[in-house]
Amino acid sequence: MGAPAHPDAMHPPKPGRTRTAPPQMPSSWWSAPRIRTYLLFDATGLLYFLIGFLALKLVWSLGATSPEEWDLMIKGFKNPLYIAFHFLTLASLVFVAVRFFRLFPKAQPRDTGLPMPPPQIIHAMLYAAWAGLTLIFSLILAGVIF
């Protein structure tokens, strides 16, 4: 290691404007599909946050002193606003799952020594696995299995 650098070593030879432009947002920022997808993906987090509060409310009413409170809570879920909110949450969950399965093949190593199937086959296999798991979990939650 040599001597420490002079503090003014990186200064421009003469004072003036630098060549770097100030950061500016492009005019097409909101219309770019990639940005809208990111914003939609981030907005799903708000829905999961609200579902978490709903789960806490359910647990609180489950620990209530009377069974009527629990029955009242369950009857409240028949409200069309709750049903719409749950459909919106399901749609956001499907959106995040599809986005994950589209990203999954890109994150896999390519130098395994085995021939890689075409991306269409990988996507079809991932969607089939996702649909199968969704069906199995739906049957479990419906009480058909177990």
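Residue numbers count from 1 along this sequence.
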Measuring from atom [atom1] of [X] to atom [atom2] of [Y], what distance do you get when rounded to the nearest 0.5 angstrom?
X    : Y    : atom1 : atom2 : value
L135 : I145 : CG    : CD1   : 7.5 Å
Y38  : L40  : OH    : CG    : 13.0 Å
E68  : M73  : CD    : CE    : 15.5 Å
L88  : I83  : CG    : CD1   : 14.0 Å
L58  : F77  : CG    : CZ    : 4.0 Å
I74  : S61  : CD1   : OG    : 7.0 Å

Side chains of [X] and [Y]: does their closest heavy-atom pair fall under 4.5 Å?
X    : Y   : answer
V98  : F95 : no
W130 : V94 : yes
E69  : L62 : no
I35  : L39 : yes
F85  : L90 : no

According to a 4.5 Å side-chain heavy-atom criterion applied to Ile, Leu, Val, Met, Phe, Trp and Tyr, with indirect links allowed, do [X] and [Y] form part of one hydrophobic cluster?
X    : Y    : answer
I136 : V144 : yes
Y48  : L46  : no
L47  : L54  : yes

(request) Count the heavy atoms of every other residue, nucleotide or ligand shown that sit under 6.0 Å from CH2 of W60, and state whether that count exceeds 12. (result) no

(message) Could you check whether atom CZ of F137 has more than 12 heavy atoms from other residues, nucleotides or ligands sitting under 6.0 Å from it?
(response)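 Atom CZ in F137 is not crowded, with 12 or fewer foreign heavy atoms closer than 6.0 Å.
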
(message) Check the orientation of H86 and Y82. Use parallel for under 30°, tilted for 30 to 60°, and perpendicular for over 60°.
(response)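 The rings of H86 and Y82 sit tilted, inter-plane angle from 30° to 60°.
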
(request) Applying side-chain contact (heavy atoms from CB on, under 4.5 Å), run through S92 and F41 and close with a yes or a no. (result) CA-CA 8 Å; S92 73; F41 180 77; over 6 Å; no

(request) Output the rest of the hydrophobic cluster of M125: all Ile, Leu, Val, Met, Phe, Trp and Tyr residues reachable through side-chain heavy-atom contacts under 4.5 Å, sorted by chain and number. (result) I121

